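This is the structure, below, for whatever I ask next.
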Amino acid sequence: QRGEGFLKFNNVEDALQALEQAYTLHPENIETLKMLVKAYFLNWKQTKDITFRAKSLEKAEEMLVQDSDNNFAFALIS
């Protein structure tokens, strides 16, 4: 998947674009959602734009709706 490839090379902006599109097409895909949350979080860390922190938390909550035992989401929210 393109978004995952962009993340591997720390290209967060392109990763976000690809992952947002993939998530829109397949919102049930927990792996895409996980990568999207990671991209939002990394973008927040790089830019300090709190909008991305809020988006990462919002999507982490969505992950818990789909998978109530998701350690990644719990770690992010905690």
Side-chain angles (χ1 to χ4, degrees):
Q1 159 165 175
R2 291 173 51 94
E4 184 176 16
F6 288 131
L7 278 180
K8 283 182 182 178
F9 293 98
N10 206 28
N11 184 346
V12 178
E13 188 175 315
D14 287 336
L16 278 173
Q17 185 177 15
L19 291 166
E20 285 174 342
Q21 182 179 18
Y23 182 69
T24 299
L25 294 173
H26 302 285
E28 73 287 348
N29 187 321
I30 193 79
E31 288 304 314
T32 298
L33 182 55
K34 183 177 179 178
M35 285 185 284
L36 181 59
V37 170
K38 182 177 180 180
Y40 281 137
F41 184 79
L42 290 173
N43 203 351
W44 169 67
K45 287 295 214 180
Q46 289 178 358
T47 66
K48 302 301 182 206
D49 182 343
I50 61 171
T51 303
F52 292 107
R53 171 76 172 143
K55 286 183 177 184
S56 67
L57 292 174
E58 176 187 327
K59 295 300 182 189
E61 291 286 348
E62 286 183 35
M63 285 177 68
L64 290 175
V65 170
Q66 291 186 30
D67 177 10
S68 61
D69 294 325
N70 191 294
N71 290 329
F72 178 78
F74 278 119
L76 189 69
I77 293 169
S78 299

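The structure presented is a predicted model; accordingly, all values stated were derived computationally and were not measured. Positions are given from 1 along the sequence.
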Check: Looking at NZ of K48 and CZ of R53, how far apart are the two atoms once the value is rounded to the nearest 0.5 Å?
Finding: 11.0 Å
Item checked: More than 12 heavy atoms from other groups under 6.0 Å of CD1 on I50 -> no
Please output the side-chain donor-acceptor pairs of residues 7-17 that fall under 3.5 Å, not counting sequence neighbours, one pair per line with the distance.
unit_1, atom_1, unit_2, atom_2, d
N10, OD1, Q46, NE2, 3.2
N11, OD1, D14, N, 3.3
N11, ND2, D14, OD2, 2.8

Notebook entry, point to check: Can you tell me how far the CG atom of N71 sits from the CE atom of M63, to the nearest 0.5 Å?
Noted result: 9.5 Å
Margin query: How long is the straight-line distance from CD of Q21 back to CG of L19, given to the nearest 0.5 Å?
Written below: 10.0 Å
Next item on the list: Rounded to the nearest 0.5 Å, what's the gap from CZ on R2 to CE on M35? Could you check?
Entry: 13.0 Å
Margin query: Could you check whether any side-chain N or O of S78 sits under 3.5 Å from a backbone N or O of A75, counting only pairs where one atom can act as donor and the other as acceptor?
Written below: no
Check: Can you name the residues that form a side-chain hydrogen bond (donor to acceptor under 3.5 Å, both in side chains) with T51, not counting sequence neighbours?
Finding: D49
Checklist line | Closest contact, heavy atoms only, A22 versus T32 | finding: CB-CG2, 3.8 Å
Check: How would you list all residue pairs meeting ring-ring contact (aromatic ring centres under 6.0 Å, His included) that involve residues 36-68, not counting sequence neighbours?
Finding: F41-W44
Item checked: CG-CD distance between N29 and Q66, expressed to the nearest 0.5 angstrom -> 8.5 Å
Notebook entry, point to check: Who are the salt bridge (charged side-chain N to carboxylate O under 4.0 Å, His left out) partners of K59, not counting sequence neighbours?
Noted result: E62
Next item on the list: For L57 and L76, work out which heavy atoms get closest and say how close.
Entry: CD2-O, 3.9 Å
Item checked: Joint cluster assignment, L42 & F6, ILVMFWY side-chain distance < 4.5 Å -> no
Margin query: Going by ring-ring contact (aromatic ring centres under 6.0 Å, His included), name the pairs with one or both residues in residues 59-78, residues two or more places apart or in two chains.
Written below: none
Note to self: Looking at every heavy atom in both V37 and A60, which two are closest together, and how far apart are they?
What the structure shows: CG2-N, 3.8 Å
